[in-house]
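Heavy atoms only: backbone and side chains are in, while hydrogens, waters and symmetry mates are out. So you know, we letter chains A, B, ... as the sequences are listed, proteins then strands, and number each from 1.
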Amino acid sequence: MSLERIVSSILSLGVTLSTPLAIAGIGEVISERAGVIDLGIDGIMLLGAFIGFHVSLQTGNTYLGYLAGVGVGVLMGLILAVLSVYLKLNQAITGMGLYFLGFGLSDFFYRTIYGEKEVYLPPPTPLSVPVLANIPVIGPSLFQQLDMVYFMYALVPLAWLLINRTKLGLWIRSVGENPKAADAMGVNVSMIQTVSVLVGAGLAGLAGAFLSIGITQVFYENLTYGIGFIAIGLVYFGKWSPVRTFAGALLFGLSWSVAISTQSYFNAIGRPDLVYFLLALPYLIITLALVIVSRQARGPKWLGRPYIRE
Amino acid sequence: MRGIVKRFPGVVANDHVDLKICRGEVLAILGENGAGKTTLMNVLYGLYLPDEGEIHIKGRKVLHRSPRDAIENGVGMVHQHFTLVDDLTVAENIVLGAEKFKVFYDLEKLAKEIDEFMKTIGLYVDPLKKAYELSAGEKQKVEILKALYRRVEVLILDEPTSVLSPIEVRELFKTIRNLKSRGISVVFISHKLDEVMEIADRIVVMRAGKVVGELAGHEATKQLLATLMIGSRAVNIEEKFGKHVRPAGKLLEVVDLWVKGDRGEDSLKAVNLVVRKGEIVGVAGVAGSGQRELAEAIYGLRPAWRGRILLEGKDITRSPTAERIKMGVSLIPEDRLRYGVAAELPVYENIYLEKVHLEGRKSLLDRIGLRVLDKKGMVDYAKKVVEKFSVKTPSVFTNAGKLSGGNIQRLIVGRELERKPLLVIAGEPTAGLDIAATNFVRKMIVEMSEAGAGVLLISSDLQEVLELSDKVVILCNGEVMGVFRPGELSMEEVGLMMSCAKRMSKEEVERAWGT
Amino acid sequence: MGYVIRIRPKPAKPLAIVLAPVASFALAFFVGGLLMVWAGVDPISGYTAFVSGSLTTFPGFMQTLVQATLFMLMATGIAISNRAGVLNVGAEGQYIVGAILATYVAVELQQTLHPALVVVLAMLLAAVGGALWAAIPGVLRGYMNVNEVVTTVILNWLAYRILQWIIRGPLRLPGPQLYPMSPPVTATLPILEPSSGLNAGLVIAVALAVFSYFLLFNTEVGFKIRVTGSNPDLARYAGFGVERVIVLSMGYSGALAGIAGGVEVLGNLHYLFEGISIGLGYTSIIVSLVARDHPLGVIAASIMFGTIYSGSSFLQTATHLTYTFSKALEGLIYLFVLVTTLFAFYEIKLVKVS
Amino acid sequence: NVTRPATTVTTPMQVAMAFIFPGSITDTAWNEAGYQSMLSFVGSHPEVKYAWVQGVYDPTQIVSVAKSYAQQGYKLIVGVGFQFGPPFAQIASQTPGVYYLAIAGAKEYVGPQVSGANIRTDQSCFVEGYIAIQISKTKQIGYVAGMNVSELGLCEIGLRNGIKYAGYDPDKVLHVVYTGDFHDVTKAKLATESLIQQYHVDVIKSMGDGVQLGAISAVKEFPGVFIMPSSTYHPELYAEQLLVGEVWDWSAVYSQFYNDYLSGKLASGGQYYWADLANGGIKLIQGSACPSDLWQKAQDVIKGIINGTISTGFTP
Ligand SMILES: Nc1ncnc2c1ncn2[C@@H]1O[C@H](COP(=O)(O)OP(=O)(O)OP(=O)(O)O)[C@@H](O)[C@H]1O
Ligand SMILES: Nc1ncnc2c1ncn2[C@@H]1O[C@H](COP(=O)(O)OP(=O)(O)OP(=O)(O)O)[C@@H](O)[C@H]1O
Ligand SMILES: [Mg+2]
Ligand SMILES: [Mg+2]
C-alpha cells in the first residue's frame, strides 16, 4: 500500500463526503445572504434523499431522481417562505419545524412504500475528466468522481458570480443587509427572499438526493445523520462566502476521512475505545474552526429578522 | 391626495387628509410629533396602504402598493433615517432596484456611468466608496441621487436637516433650489420654523392627523405657524433658559481619550474634556465626528484603548456600565430606535430599567441577582414618570413598542432624568420632538444642572447647543477643535471649526477648560 | 387591482391562547390520520389505542407522566434561554452530559455514602455538567457571536461520542461482558407509583418549572433575561452585561437538561448506556414552543407531548407504524402551532386593493 | 405494505408472545434476522398468538412499548437487541407473570422473569476469517461494523483467530472500522471504500443494521471485492461477490424460551441461551465466489469448532 494511494483515497473520500455538505451549505449561503436563516436543511435533505431515491428507482433515471430532490426541496422551502417571509414567523423556529417534518416524513414514506424489502439502486459510474484525472494523487481523487462532485465544482464559482456580479445578487445582498433600504428603492423584498430560500432549499434537496442516489444507493432512516446542521455551521465558518463555505466542507470531509482511515492504528495499539475520540474529531475541528473564525465574522445585518414594513 | 385615512391600532395617523403638490414647487409640511406627516408621505410612496382615500397623479388615479409603483409614477422619497445598504458602494446603492441595468454587471463600468450621471445633476459623491464610509451629508446626497436616477418628479424629504451641520444645510438648500429650477417638486418635512420659512413656497400644517392650515411661504410668521401647529395651547416658542448657578468642582474629567469606531478606525483622538457640577457642556460637530463614540465611551459601552475617564476624581475608565450607572451616570441615547425600549415589555418595566442597579443589595439572594422585584413600586414610579414627562400611553402595562416615536423619546428622557443622576449625557435629546416637548426637555436639562448635576449635551442642533451650554466643545473628525463660551466666537468661526478648517491653540483650549 | 397580505398584532383573547395549541394538535392528528389511511392503517383503531395507552387508562396516564417528566425539565430550560433570545438546540447533549456525571457520582460513591446523599450529589453534578456544556455555546454566542444553533448541535454529537467512549473506558461495567454499559446505579430516586416506575423526578420537574416561572417574572435576573431577549442593545446600554445574561440563561437551560439526564439514570434506568436518548432534547424545543416559552405552560405542554410518546407506543404495537410516524406527527404539531398562534396573536387580512 | 393484523389462532391454551425490534425489519441485517426467525417460530407454533413492532430503540420507548404489551395480555416479550436487558430487568417486577427475553442481552441482567440469549458469532467469523484470508489475493481483510458491542465484538475475536488458524498474522492483515453508529449508512459506505482503496482489502466482513447496508453498497462498486454479510441471506443483492452467507436463526432460542415457559422452568429464574453452529442458530452458506475445495476444508473447521477441538478464542 503506497502512501500516494492512501493520500489519494483520503482525498477522494473527503471530497465525496464534502459534496452534499458544500451543496447544502452554498444553498444556505444564498438564503442567508437574503436574510433568511433556514434551520430546516437537515429535514429538507432527508426528504430530498428519500424522494430522489424513490423517483430514481421507479424511473431508472438518476437525473430525474436529482430533479425530484430539488423539487421536494423547493416545496419545503415554500413552507419556510410562506411562514417566515410572508407571515413573518420566527425563522429559527419555523426552520426547526421543517427539520422535524422532514425527519419524520422521509422515514414514514420509506417504510410505507418499501416496507417489505431493502432495495438498492445500481452503483453510479464515476466520470473521469480526460487529462486532469491522470495527475498523480489529486487526479483520481478530484477528477474521477461522481456527477454531483463536478456540479459542486461548478456551483462554487456560479454562486459567487450570482451573489457578487448579478443584479439578482445585488438585490439579495441588499435585502439581507438592509431590507428597508431595498424596499424603499422598489426591490420586492419578500419576493427576493422567497427566491433565495427556494434556491437554497432546492440545493439542500439536491444534496439529500445525492446522498441516497450518489453515495449510499439505499435509503435508511435519518440518512443524513446531522449533516444538514454541519452545513449551517459551515456557512458561519465560511463567513457567508460560497468559496469559504466550500473550503469548510472540504475541511470537514477530509478530517472525517482521516479519522476513519487512522482507526486501524488505534485498534492495532490496543486502544479501540479511543476510536470514539477519532469519530468526534471532525466535530471538534469544526467547532474550533468556528471559534477561531467567528471573531471577525459578520453576517448579513438583517439575518434572521423578519422584515415588517408597517 | 384625497381623503387619505390611515389608522394604526389606537391612532388615526391620517384623518381624511387632502394634499396637492404642484409642479416645481417646494411644499413644506409642518407639524408636531405624531401629527402624521411621515405616515402621509409613506402612503404616497407606497410603503403604507391607505385605509381610505385616493391618489391622483397628473389627473390619473393611481395605486401605490409598494415603492416600486410610486417610483414608476415619479414619486421618490428620502427618509428621516437613511436607507442605504452600508455594505454596498454608492453606485450600487444608486442603481439598486432601478430597471435600467443588466442582469450581469461590472462594478467599474457601472461606477463610470454613475459618475457621469452625477456630473449632469451637479451632485457628486465618489461612486466607489461604500455607504458606511460616507458622512451624513454625503449619504443624503446619495439618497437624493437615488431618487433622481429614477427620474422622479416629486421628491419627498422627511426631516432632511436633522442630521446636518449648518454648512451642509446650506448646501442642501442650494440643491433643493436647483431641483426646483429643473421642474421637480420637493416636499420638505420639518419641525424647524426657520428652515421652513426660508425654503418653502407653500406650507401645509398638520395636527393630529389633519391638515389644519395652508399658507404661502411669504405669508408665514413664526407665531402664526406655531399656533397652527400646536393649536390653542399657548406657547412661547423662543423660551429662554436663564441659569442662576455657578459651576462648582470638577465632576467628569476626560484625559487623552482614544476610542475606536465600529469599523476599527480611531473615532476619538486625544480628547480632553471637563464637566463641572452644575455645568452644561455642549458638544457640537458634524454628524459622525465622534460625538456618539464620546457618549458611549463615557457611559461604558465602548472601551477606551488609551486615556482615562474620571468621575469625581475616581478612575472609571475600566468600570462596567452598571458601575457607572450606580455612580450616577445617565445617558439619553442618540439612537433611540436601537437603544430605546424593549418593545415586547410593558412601559413600566422599560422605565424601571437601570434602576435595577440602584436598589440596595442586602441579602445574599439580592447579591446573586435573585432579588425579588417590587412590582408595585415599579408601577408607581412609572406612573409618576409617565405623568411628569407626559408620555402618551393607554397604561403603564402597555407594551412599549406600541408607543409613537415621540412618546418613546419622552419615555427615555423621563427614565434617564427621573433617577436623579449626577452626570447626564444627553445625546440629541430633542431630535424629533415638537416645540412643546422640546421646550420641556430643555427646561428639565437646565433644571438638572441647576440642581447640581453636570450635563454633557450632544446635539447636532447648533442653536440648541449655543443656547443651553455654559461651554461648548467642537469636535471634528474625532479631535477637539476648540472650546469656548457661547458668544465668544462668531458663527463663522464655529462653522470653520466644525469642518476642521480652524483649530484653537493648546493654550486657548486649556484656558477655556480652566475657567 | 391586486391583493396584499396585511398582518397586525392584536391582543389575544385568553381563550385563543389556550385553543391555539389544542387546535394545532387536532389538525396534526387529522393529517396524521390521513397518513395512516394512506399507509393502510385504520386510523380509528390506531387512535383508540393511542388514547387508551396515554390518557384514559391509569397505567397509560402514569406512563404519560413518566415521559412528561423529561420534557418538562428540558423544555423549561429551553424556554428560559429562549426568553433571553438564545435558541438552545443542545438540550440533547446537555442531557447526556448530565446522565454521565450523575452515573459517575452514583457509581463512585454509592458504596461509601448514604444513598440520599449520593442522589443529591449526583443531581447537583448533573446540573453543573449540563450547565457547563451549555455554557460553551453560551460563551461563543455571547462573546463571539457564533450562532448557538450550530454549536449546540455539534456539541450534541460530541456529547454522544464522549458517552460512547466513557462506557467503554472509565465507566465500563467491569468483568467479562460484551455490552458497554455502566455498572448499575443503586442510589436511586424514590418511586412514586410502582407499577409505572413514576419517580420523584416529576416532583423535581414541576418544582423547577414553578421556580423558573418565579425567576423569570419576579426576580432581577429574570428581568434582565427578558430585556436581553427583547432588545439586546437596550440591555447592553442598561448595563446588564448581555454576554453574562446569555451565558447564564444558557447555563440555566443546560442545568435543567442535565438534571433531566440525572433523573433518567437515577429515577428510571439505573444504569447508563449509549442509547439513553434519541431526540428527547429536540422534541423539547417543540414543547417550549407550544408553551410559548412560559414555564407554567411548559407543564401542560409536556403532558401533551407525554401522551404522544406513551400513546404512540400503543399505536405502534397496534399498527406496526414506527416511531418516525410520531416524529412526523411532532413536526406537524410544531408547524400547526406556529400557524395557529399566528392567527391567535395577529390579525391577518388579505386586503383587496383597487 | 408494512401492516398486517396480528395473527390470531384461537386455541384453548393460547399463549401470547410479543416481539420488539429496535430497527427496521427489512434492514437485511440484525432486525430482519430476528423477524425472519419469528416467522419461522410462529410457523411451527401456530398455537402462539403473536405481535411485533419495529423501530423501538431507546430505553424509555422500550419500557413503554413492553408495558403496553404486558397490559394487552402478552405473557412472553422478546426484545431483539442488546439494549433490552436493563429496561426489561427494570420493569419485570412491575409486571408480574410476564417473562422477558433479551436477545443479545447482557448476562448481568438475567434474573427473575428476565432471560437472555446470544449468538456465537465468534464461531461463524472464525470460519469466515479462515476462508477469507485464503481467498484474498491481496491478503488484506476488512471488517466494517457499527460498534464494538456484543455479537459485533465477538465476530472480531473470531475473525482474528480464524485468520491465525489459517497461518496469517491478524494484526497485519485485518483492518477494522467501527463507524460508531448502527445507522450511519453514508459514513459506513465511505469507510468501506477507504479500506478497499487504502489497504487493497478485497474481502469485507460486515455487520450491523444500516452499517451493513453501507458496506454492501460500497462493495457493489468494486467488482473484484468479496463480501461476507451477516445475519440474513440475500444472494440477489451481491450475486457473484458473495463469499460466505451467514444466517442467524433465533427460532431455536425462541422455542427453548417458549418451552421453558410452558414447563414452568422460567418461573424458577431467567435462563441464558446461545444460538450457535451446533444448534442451528447460525448457518453458513457457500457463496458463489467460494470455491468448493476451500468450502470443504471449511466444513472440517466447522466440525472442529462444534466438537471443541478448535478454539475460537471465546468461551461463554
Ligand atoms: N407603524 C406604525 N404603527 C403604529 N402606529 C404608528 C406607526 N407609524 C406611525 N404611527 C402613529 O401614527 C401617528 C403619526 O405618526 P407619524 O410618524 O406620521 O408622525 P410625524 O408627523 O411624522 O411625527 P414625527 O415628527 O415624530 O416624525 C403617531 O401617533 C404614531 O404613533
Ligand atoms: N461587480 C463587480 N465588478 C468588479 N469588481 C467587483 C464586483 N463585485 C465585487 N468586486 C470585487 O471583487 C472582490 C471580491 O468581492 P467581495 O469582497 O464581495 O467578495 P468576498 O467577500 O471575497 O466573497 P463573497 O462575496 O463570496 O463573500 C473585491 O475586490 C470587490 O471589490
Ligand atoms: Mg414619526
Ligand atoms: Mg416623521
Which atom of D:Gln71 lies closest to which atom of C:Thr57, heavy atoms considered: OE1-OG1, 4.3 Å
Minimum side-chain heavy-atom gap [X]-[Y] below 4.5 Å:
X	Y	result
C:Met181	D:Tyr109	yes
C:Arg168	D:Met147	yes
D:Ser64	C:Gln67	yes

For chain C, the option from D:Gly55, D:Gly180, D:Ser68, D:Ala66 that forms the most heavy-atom pairs under 4.5 Å: D:Ser68
Heavy-atom pair count under 4.5 Å with chain C, highest-scoring of D:Ile62, D:Val53, D:Ile91, D:Val56: D:Val53
Chain D contacts, top residue of C:Gln164, C:Glu264, C:His270 (heavy-atom pairs, under 4.5 Å): C:Gln164
If I measure from the heavy atoms of chain D, does [X] come under 4.5 Å with its side chain, its backbone, both, or neither?
X	result
C:Pro194	backbone
C:Gln316	both
C:Phe273	side chain
C:Tyr309	both

Residue list, side chain to side chain donor-acceptor pair (under 3.5 Å) with C:Gln110, at least two apart or on another chain: C:Thr186
Sequence neighbours excluded and cut-off under 3.5 Å, please list the side-chain donor-acceptor pairs for residues 76-90 of chain D, or say none.
{"unit_1": "D:Gln90", "atom_1": "NE2", "unit_2": "C:Asn268", "atom_2": "O", "d": "2.5"}
{"unit_1": "D:Gln90", "atom_1": "NE2", "unit_2": "C:Asn268", "atom_2": "OD1", "d": "3.2"}

Crowding at OH, C:Tyr104 (>12 non-hydrogen neighbours, <6.0 Å): no
